[in-house]
Amino acid sequence: MSARLAVVGGGVIGSMIAWRAARNGWRTTLHAPDIAGAGTSVAGGMLGCAGEGRPGEDAVLEFALAARERWPALLADLEQSGVDTADIKVARDTLLVAADSSDAGHLRAVIDHLAAFDVRPEAVDRSRMRSAASMLGSSVRRGHLVAGEGAVDNRALLAAVRCGAREAGVTVTAEKVCRVDDLDADQVVVAAGSWTSDLVEGLPVTAEKGEILRLSRPPTAPPPPDAVVRARWRGRSVYVVPRRDGVVVGATQYETGDRGDTAPRVGGVSDLLIDATELMPGLAEYRVVEIGSGLRPTTPDGLPLVGRSDARTIVAVGHGRNGILTAPLTAELVVDLLDDPPSTSPWVARLDPRRFP
Ligand SMILES: Cc1cc2nc3c(=O)[nH]c(=O)nc-3n(C[C@H](O)[C@H](O)[C@H](O)COP(=O)(O)OP(=O)(O)OC[C@H]3O[C@@H](n4cnc5c(N)ncnc54)[C@H](O)[C@@H]3O)c2cc1C
């Protein structure tokens, strides 16, 4: 009889771990209650490495780049289980742009920082930019194209992974877990996002809130861009991620001490609308179909906490701005940790949940 695994948390991290573990022979139960503010369904779905690159966050970029390498295999795996990944992949490239000279200076610093990691976005002129994003406003004269850095529809991805998990034999329950000790399992993985520290003591995880909008395109409005467009816009950040029938516009980012605070703030929503319609005036014709907000589980150094907290429990939490992108690598590390003997990947030491004093 195979060993029993309980995975706590039905976001992208927990669901992908449950799927991978079941395929590795674990008799797996996934605890996936609907909790307001969970990040996975709210997110933009960008697979952002260059787009998320920030000077001073070298390790975060390294982890993102390592995770990006896992995506072709993940998409091939989903195809093999009968998923049409054309519904999941929504963009292949990313365009980085800036509004004024101060924003351009900020973007230049990011581009210089990326060069140290051999990531070299290509400088492109207005006509190249317009072919990737015809709605771009006339004030945007120059940009940088990051070929191959695309985006997925995170909701379609989660549905596909859950479906793969069920097919692999995972039992999915909406039951909320109150105490890890009560779970009837040989091993437990806690991947409960911003709520993980309610279940495992002493983890330095905080919640960062973000507002995000979903807009649909009426037939007469200009088409969504082909690429993800990320802008530094008068000192703020805004991005537009294509969807089949519209776009996602995101996202604000600020710490919140209150995880019950999941309602979108008026100021955050109005900033997004102003910045997005200046960046792409054609968006003014789109319809607002959803105003959302969610919590990003974050850690002091920006890297997730993935590893053992005791002999029966592994945690996988703290994926911050990049949990969609980094889920396949996290799932691989957790499944390796469940093996006997466990993985020797260098990431195991770097992501050790006990690395903070
Ligand atoms: C506005 C916004 C935009 C974002 N955009 C992107 C992006 O473009 N690209 C990207 O890579 N990342 C993005 N992110 C980050 C990404 O969404 C997160 O890193 C990711 O969702 C973390 O996944 P998770 O599974 O750890 O947590 P969550 O998605 O928060 O899921 C946690 C799950 O835990 C479960 N849970 C909680 N408590 C319990 C309990 N007691 N018992 C059982 N289950 C429990 C719930 O089922 C919940 O679904 C964005 C986040 C936000 C907020």
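Keep in mind that the numbers below use all heavy atoms, side chains included, and drop hydrogens, waters and symmetry copies. We count ligands from 1, going down the list as the structure has it; atoms in each ligand are counted the same way.
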Mark up the atoms of ligand 1 that fall under 4.0 Å of a heavy atom belonging to [X], in ascending order.
X	result
Met46	7 (C), 8 (O), 9 (N), 10 (C), 11 (O)
His31	44 (N)
Gly294	53 (C)
Gly210	1 (C)
Tyr239	3 (C), 5 (N)

* To do: Say whether Pro297, considering both its backbone and side-chain N or O atoms, lies within less than 3.5 Å of an N or O atom on ligand 1.
  =>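 Not met; the criterion fails.
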
Give me the nearest non-hydrogen protein atom to [atom] as residue plus atom name, then the distance to 0.1 Å.
atom	result
atom 13 (C) of ligand 1	Arg321 O, 3.2 Å
atom 37 (C) of ligand 1	Ile35 CD1, 3.3 Å
atom 31 (O) of ligand 1	Gly11 CA, 3.5 Å

* **Quiz item: cation-pi between Arg68 and Trp71, 6.0 Å / 45°** =>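 No; the conditions do not both hold, so Arg68 does not lie above the ring face of Trp71.
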
* Would you kindly say whether Asp301 and Thr299 are connected by a side-chain donor-acceptor distance under 3.5 Å? =>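 Side-chain D/A pair, Asp301 to Thr299: present.
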
* Would you tell me whether Thr206 and Thr298 have side-chain atoms, one donor and one acceptor, within less than 3.5 Å of each other? =>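 Thr298 and Thr206 do have a side-chain donor-acceptor pair below 3.5 Å.
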
* Among Val180, Ile13, Val42, Val152, which one has a heavy atom closest to atom 23 (O) of ligand 1? ->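 Looking at heavy atoms only, the winner is Ile13.
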
* **Heavy-atom nearest option to atom 17 (O) of ligand 1, drawn from Ser293, Ala67, Gly39** =>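 The residue whose heavy atom sits nearest atom 17 (O) of ligand 1 is Gly39.
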
With a 3.5 Å cut-off and sequence neighbours excluded, list the donor-acceptor pairs that the side chains of residues 35-46 form with protein atoms.
| unit_1 | atom_1 | unit_2 | atom_2 | d |
| --- | --- | --- | --- | --- |
| Thr40 | OG1 | Val12 | N | 2.9 |

* Within a strict 4.5 Å, meaning less than it, do heavy atoms of the Ile291 and Glu211 side chains meet? ->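 Not touching, per the 4.5 Å side-chain cut-off.
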
* Asked: Ile88 and side-chain contact (heavy atoms from CB on, under 4.5 Å): which partner among Leu74, Leu78, Asp153?
  ->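 Output: one option passes, namely Leu78.
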
Could you give the side-chain donor-acceptor pairs of residues 49-58 under 3.5 Å, partners two or more places apart or in another chain?
| unit_1 | atom_1 | unit_2 | atom_2 | d |
| --- | --- | --- | --- | --- |
| Glu52 | OE1 | Arg321 | NE | 2.6 |
| Glu52 | OE2 | Arg230 | NH2 | 2.9 |
| Glu57 | OE1 | Arg321 | NH2 | 2.8 |

